Amino acid sequence: METFKLKIVASSRVFFDGECQCLVIPYIDGGEMAFLPHHENCVVPIETGEMRIKKEDGTETDAFVGDGFIEFLDNEAVLVCASAETPEEIDERRAAEAKLRAEERLRQKQSQLEYSISKANLSRAMERLKIKNRHGIKN
């Protein structure tokens, strides 16, 4: 099976560095975008959501990914993002607390910027909880 080189760099670590058969990322229009070997060269923004990596050996890894971008050039992809976590790494209690804090902030009178930040915080927390629950992993 053909593969391409993928490196995923989150703000705190290198999340993945190896060969893969397929990468599916959350796209800015609310959908998904898939990358296969020999994809056309591009730079694409990504949104917070769930990504899927099909590794060289055929095993699949699902993970939460924060906002960022991916560059695909000459059969090599580099994804740079705010955060990347497997369902096992997501702290459900912390995500639930972040969701409650963001919901409370949205109920308060805020500037347009503060409102946008609160909505983004709520979106990240809800996506983490959704991924954690979908995979049935408990802390």
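Values in this document were obtained by computation on a predicted structure and should not be read as measured data.
Using modelled atom types, one side-chain atom of K132 and one backbone atom of I90 make a donor-acceptor pair closer than 3.5 Å. Under a 3.5 Å cut-off, the side chain of D17 and the backbone N or O of I8 do not form any donor-acceptor pair. At distances below 3.5 Å, at least one donor-acceptor pair connects side-chain atoms of S118 with backbone N or O atoms of E114. Counting only distance, with no hydrogens or angles, the side chain of S116 and the backbone of Q112 share a donor-acceptor pair below 3.5 Å. Side chain of S11 to backbone of A82: a donor-acceptor contact under 3.5 angstrom is found. Remark: side-chain polar atoms of R13 are paired, donor with acceptor, to backbone N or O of A84 under 3.5 angstrom. Under a 3.5 Å cut-off, the side chain of E89 and the backbone N or O of T86 do form a donor-acceptor pair.
Annotation: the span from R52 atom CZ to E32 atom CD amounts to 4.0 Å, rounded to 0.5 Å. Taking CG of L23 as the start and CZ of F16 as the end, the distance is 9.0 Å to the nearest 0.5 Å. Note: T3 OG1 to L36 CG = 11.5 Å, rounded to the nearest 0.5 Å. Here CD of Q21 is found 8.0 Å from CG of D57. Values are rounded to the nearest 0.5 Å. Rounded to the nearest 0.5 angstrom, R105 CZ and I117 CD1 are separated by 8.0 Å. The CG atom of N75 lies 11.0 Å from the CG atom of L6; values are rounded to the nearest 0.5 Å.
By the 4.5 Å heavy-atom criterion applied to side chains, E60 and I53 are not counted as neighbours. Put simply, the side chain of M33 does not reach to within 4.5 Å of the side chain of V24, judged on heavy atoms. With a 4.5 Å cut-off on side-chain heavy atoms, Y27 and I46 do not count as touching. The closest side-chain heavy-atom distance from E92 to N133 is below 4.5 Å. Proximity of F64 to P26: side-chain heavy atoms (C-beta onward) are nowhere separated by under 4.5 Å. Side-chain contact between K55 and E19 is absent, with no heavy-atom pair separated by less than 4.5 Å. Considering only heavy atoms from C-beta on, T48 stays 4.5 Å or farther from V65 through its side chain.
Closest approach of P37 to F4, counting heavy atoms only: N-CD2, 3.6 Å. Here the closest heavy-atom approach between residue G49 and residue I131 is recorded as O-CD1, 3.9 Å. The shortest heavy-atom contact between A95 and A125 is O-CB, 3.5 Å.
Atom CE of M126 has 12 or fewer neighbouring heavy atoms from other residues, nucleotides or ligands inside a 6.0 Å radius. Counting heavy-atom neighbours within 6.0 Å of K119 NZ, excluding the residue itself, gives a total of 12 or less.
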Given the rule in the side-chain contact (heavy atoms from CB on, under 4.5 Å) test, do D74 and N41 qualify, once you have shown the distances and angles that lead to the verdict?
CA-CA 7 Å; D74 297 331; N41 294 340; 3.8 Å; yes

Verdict with reasoning, V43 to I70, per side-chain contact (heavy atoms from CB on, under 4.5 Å)
CA-CA 6 Å; V43 176; I70 183 169; over 6 Å; no

Run the side-chain contact (heavy atoms from CB on, under 4.5 Å) test on E47 and D67 for me, step by step, so that the C-alpha distance in whole Å, both residues' side-chain angles and the decisive distance to 0.1 Å come before the verdict.
CA-CA 5 Å; E47 282 197 342; D67 293 338; 4.3 Å; yes

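H39 and F72 have tilted rings, their planes meeting at an angle from 30° to 60° on a 0 to 90° scale.
Using a 4.5 Å cut-off between side-chain heavy atoms of Ile, Leu, Val, Met, Phe, Trp and Tyr, with links allowed through other members, F69 and V9 fall into different hydrophobic clusters. Under a hydrophobic clustering in which Ile, Leu, Val, Met, Phe, Trp and Tyr are joined whenever their side-chain heavy atoms come within less than 4.5 Å, directly or via other members, V44 and M51 fall into the same cluster. F15 and V78 sit in two unconnected hydrophobic clusters of ILVMFWY residues. Membership requires side-chain heavy atoms under 4.5 Å apart, directly or through other members.
Under a 4.0 Å N-O distance rule, the pair E85/R128 qualifies as a salt bridge. The residues E104 and R107 are annotated as salt-bridged, a charged nitrogen and a carboxylate oxygen being separated by less than 4.0 angstrom. Salt bridge E97/R94: absent, no basic N to carboxylate O contact under 4.0 Å.
In this view, E56 satisfies the side chain to side chain donor-acceptor pair (under 3.5 Å) rule with no residue, not counting sequence neighbours.
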